[in-house]
Amino acid sequence: MTDEAIPFLDLVTVHRDLEGELVDVLKTALKCAGFIGGPMVQGFEDDFARFCDARFCVGVASGTDALRFALIAVGVRPGAIVVTVPNTFIATTEAISQVGARPDFVDVDSKTYTMDPEQLRKYLEHKCRWNTKTRQVIHNATGKPVEAIVPVHLYGQMVDMDPILDICAEYNLKVIEDACQAQGAEYFSQKDNRWHKAGSMGHAAAFSFYPGKNLGACGEAGAVTTNDDGVAQMCRLLRDHGQSKKYFHDIEGYNGRLDAIQAGFLHVKLRHLPPWNEQRRQVAERYNKLFAGAEGVVTLPHQPSWARSVYHLYVVQVEDRARLQQQLSDVHIGTGVHYPMVLHLTKAYEGLNFQRGDFPVAEKAAAHILSLPMFPGLSLRQQERVVTEVLKCLAITSVSEPSA
Ligand SMILES: Cc1ncc(COP(=O)(O)O)c(C=O)c1O
């Protein structure tokens, strides 16, 4: 076994392998100076909608824009409350605040790290009241209406959508999936006995194509998917200064378009996404086997029977995270923490007056989670070294042999 460095994420190899195709995209755009809108954007949108089993895809400039536009397009108004989880990237709550709404939180499930439907129900039953006249949920403490829920398919893992969608239908709430980390993840719905893609289940969904995502651009990019024609149309207006045609502004919007060159790059990469996701699943399975026997010391990711994760991240929990991360870094193994700080205790949200202990599951996870190297192409040999070093640090000597 060598002491080669193992990166947390290898973005170089994939771009070296695709260089020819990506350069062709650039040449095509340069030849016709097609930088904004046009067939490259449309082509990607059509295929990404198809990939997600959604009727519409609207390409935008980032996942944050996608969230913001989706929130506005489904009808979230300034002054409303939008409920999400505390263990997500701040973009989720930034988008909520940026539409003039107030983020609120419910805790997550301890195994999947995603929104716990029971906690959502408790929130609506105990912290809110139902106004039968307006058919609105009113948050008791603030008197504000709760208008939408943003479940986050974190780490490539699906949220348990059946109960979430049922609760939201019962309480007249819009659902925006934050699918930024979950391109291609699937959920098995008991309602119609079939698998559903991330981004096809809520009123709208937001995707990020930040370079490190399962489907990443060579820069910034994002998309909204939806089955609702009106929501798609509104997102198209919002991304382009509210223009229905050049210089005819139906509303004030934003400069939030998907760059044509990025759309071209994404279109090339989209063809590779299914095999890349499959490789990530294999990497996860190999980690699971290599860690067999270390249960109780290393908590592994949990995939419920109703989910097919795309393992954007492979996240374990250990007691002494800081020590393990340092020791892995000492032997040149890259890791990450997603995320070290829960949002309700983050400085930016001091004004919302949350306390430590408000969301104990998310808080506990934040103190112990560690993301191990995960990318398509991570070799068995590299994984064996990662696992050996983890177990060495945790003073476990036996490593089980993988069967494949
Ligand atoms: C869960 C989640 N939501 C939102 C975003 C925001 O996406 P972007 O960085 O493309 O704006 C990200 C990206 O990191 C994310 O991981």
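For ligands, and for the atoms within them, numbers begin at 1 and follow the listed sequence.
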Are S62 and E220 close enough that a side-chain donor and a side-chain acceptor fall under 3.5 Å?
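Checked: S62/E220 side chains show no N/O donor-acceptor pair below 3.5 Å.
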On the six-membered ring of Y254, is R68 placed so that its NZ or CZ lies under 6.0 angstrom from the centre and within 45° of the ring axis?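 Flagged: R68 positioned over aromatic ring of Y254.
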For the aromatic rings, using the six-membered ring if either is Trp, is the centroid distance between H312 and Y113 under 6.0 Å?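 When the ring centroids of H312 and Y113 are compared, they turn out to be at least 6.0 Å apart.
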Can E186 and R194 be counted as an ion pair, charged N to O under 4.0 angstrom?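 Answer for the salt bridge query: no.
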State plainly whether the residues E278 and R281 are in salt-bridge range, i.e. N to O under 4.0 Å.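 Salt bridge: yes.
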For ligand 1, the residues whose heavy atoms come within less than 4.0 Å (ordered by chain, then number):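 Only S62, G63, T64, L67, T88, F89, A91, T92, V152, D178, C180, Q181, S208, K213, Y339 have heavy atoms that fall under 4.0 Å of ligand 1, ordered by chain and number.
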What pairs of residues pass the salt bridge (charged side-chain N to carboxylate O under 4.0 Å, His left out) test when at least one of them lies in residues 324-336, not counting sequence neighbours?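 Sorted pair list comes back empty.
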